[in-house]
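Please read the structure below before turning to the comments.
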2 protein chains.
Amino acid sequence: MANQTVSAWVGDPHGEVDHPVADCPVEVTLHALRGRWTTLVVRELFDGERSFGDLAMALPALSDKVLADRLAQLVAAGVVTRVREPGWPSRVRYSLTPRGQGLRGVLEAMWAWGQDTVRSGTTR
Amino acid sequence: MANQTVSAWVGDPHGEVDHPVADCPVEVTLHALRGRWTTLVVRELFDGERSFGDLAMALPALSDKVLADRLAQLVAAGVVTRVREPGWPSRVRYSLTPRGQGLRGVLEAMWAWGQDTVRSGTTR
DNA sequence: CAGTATCCGGAGAGATACTG
DNA sequence: CAGTATCTCTCCGGATACTG
């Protein structure tokens, strides 16, 4: 997760790390993607704007509460934009921010590594 | 986390996803890195082989139990090799497997995204 | 040295029911 | 439609104490 407060990534020397601190970039990313279902919600949004109902339909096993939690988390992380349409019935449009689009690279890296791992049969 | 069982990454169409399944490559990667301290342990090992005591010393706030948990998890994920030295006092050498080395790209992608996010001040 | 055995407290995931 | 309010339950993370 986190590293020490100051030094860079593999740019050692990284001194003692007493605690996984929140301002480590890796920690920040992990935090944004934290929790079950999160990456799936993001993936849905890679395809474009979605409403709450759209997402609920695409992820049927995901409860309203958890979906709302995830969306709030993603909004707080600056990954997703939430736009409430005025009127009735109420409708909310969720879409990725530019930063959210930037997650593509991260998820692709994860996909590639996981793919290799599965192929090699080193599943845990 | 996971996606459906068959289709590819952003290569839609991705059908309905009823459940975050374990065989999604992204899920596999997330699973390998799951838990507090995990990435920090991996980072220590990027610098080369380490003993249990080395790791405990580099991560002073990490308890024996959690360190042992993390190492076992990483071994199970095929990321780390565990070699027990015979004799007394007992000594165990931990190092990254080739697959573990492959995590560099993943963590770098995470680092880059987190870095941008912190710069832009969109911390949550 | 390198762990394992227990126990505890808190966070997160899900189910159900209700509201602006 | 798009959530919130509760409540439950399980899964860690951490502390402490002990062992091969």
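Since the structure is predicted, the reported quantities are computational estimates derived from the model, not experimental observations. Every chain is numbered from 1, with letters handed out A, B, ... down the list of sequences. Worth knowing before you read on, the calculation uses all heavy atoms, side chains too, and leaves out hydrogens, waters and symmetry mates.
In terms of heavy atoms, B:C24 sits closest to A:W111 at SG-CZ3, 4.1 Å. Residues B:L103 and B:F46 approach most closely at C-CZ, 4.1 Å, considering heavy atoms.
The residue A:R70 sits close only to the backbone: its heavy atoms come under 4.0 Å of sugar-phosphate atoms, none of a base.
Checking D:dT6, C:dT4, D:dG3 against the side-chain heavy atoms of A:K65 singles out D:dT6 as nearest. Closest contact between the side chain of B:V66 and the listed nucleotides D:dG14, D:dT4, C:dA2 involves D:dG14. Listed nucleotides D:dG3, C:dG3, D:dA15 differ in distance to B:S63; the shortest reach to its side chain belongs to D:dA15. Checked against C:dA2, D:dT4, D:dC1, the side chain of B:R82 finds its nearest nucleotide in C:dA2. Each of C:dT6, C:dG3, D:dG20 was ranked by its minimum atom distance to the side chain of B:W88; first place goes to D:dG20. Listed nucleotides: C:dG3, D:dG20, D:dG3. Nearest to the side chain of B:S90: D:dG20.
Stem analysis of DNA chain C (at least three stacked-register Watson-Crick or G-U pairs, each with both distances under 3.5 Å) gives C:1-20 with D:1-20.
Separating the OH atom of A:Y94 from the C1' atom of D:dA2 is a distance of 7 Å, rounded to the nearest angstrom. Rounded to whole Å, the distance from CH2 on B:W37 to P on D:dA15 is 10 Å. One can place CG of A:D69 at 12 Å from P of D:dA5, the figure rounded to the nearest angstrom. Following rounding to the nearest Å, B:L67 (CG) and D:dA15 (C1') show an atom-to-atom distance of 15 Å. Rounded to whole Å, atom C1' of C:dG3 lies 15 Å from atom CZ of B:R91. Counting to the nearest Å, the C1' atom of D:dG14 and the CG atom of B:D64 are 11 Å from each other. Atom CG of A:L40 and atom C1' of C:dA13 are 15 Å apart (whole Å). D:dC1 atom C1' lies 14 Å from atom CG of A:L71, rounded to whole Å.
A sub-4.0 Å separation between OP1 or OP2 of C:dG14 and a side-chain N or O of A:R36 is present.
For the atom pair OG1 (B:T29) and CE (B:M110), the distance works out to 7.5 Å, reported to the nearest 0.5 Å. Considering CG of B:L107 and CG of B:L33, their distance stands at 6.0 Å, rounded to 0.5 Å. Separating the CG atom in A:L74 from the CZ atom in A:R99 is a distance of 12.5 Å, to the nearest 0.5 Å.
A donor-acceptor distance shorter than 3.5 angstrom exists from the side chain of A:T97 to the backbone of A:G78, with no hydrogens or angles considered. Between the side chain of A:Q73 and the backbone N or O of A:R34 there is at least one donor-acceptor pair closer than 3.5 Å.
Mapping A:R84 and B:G53 onto DNA chain C by nearest heavy atom places B:G53 closer to the 5' end of the strand.
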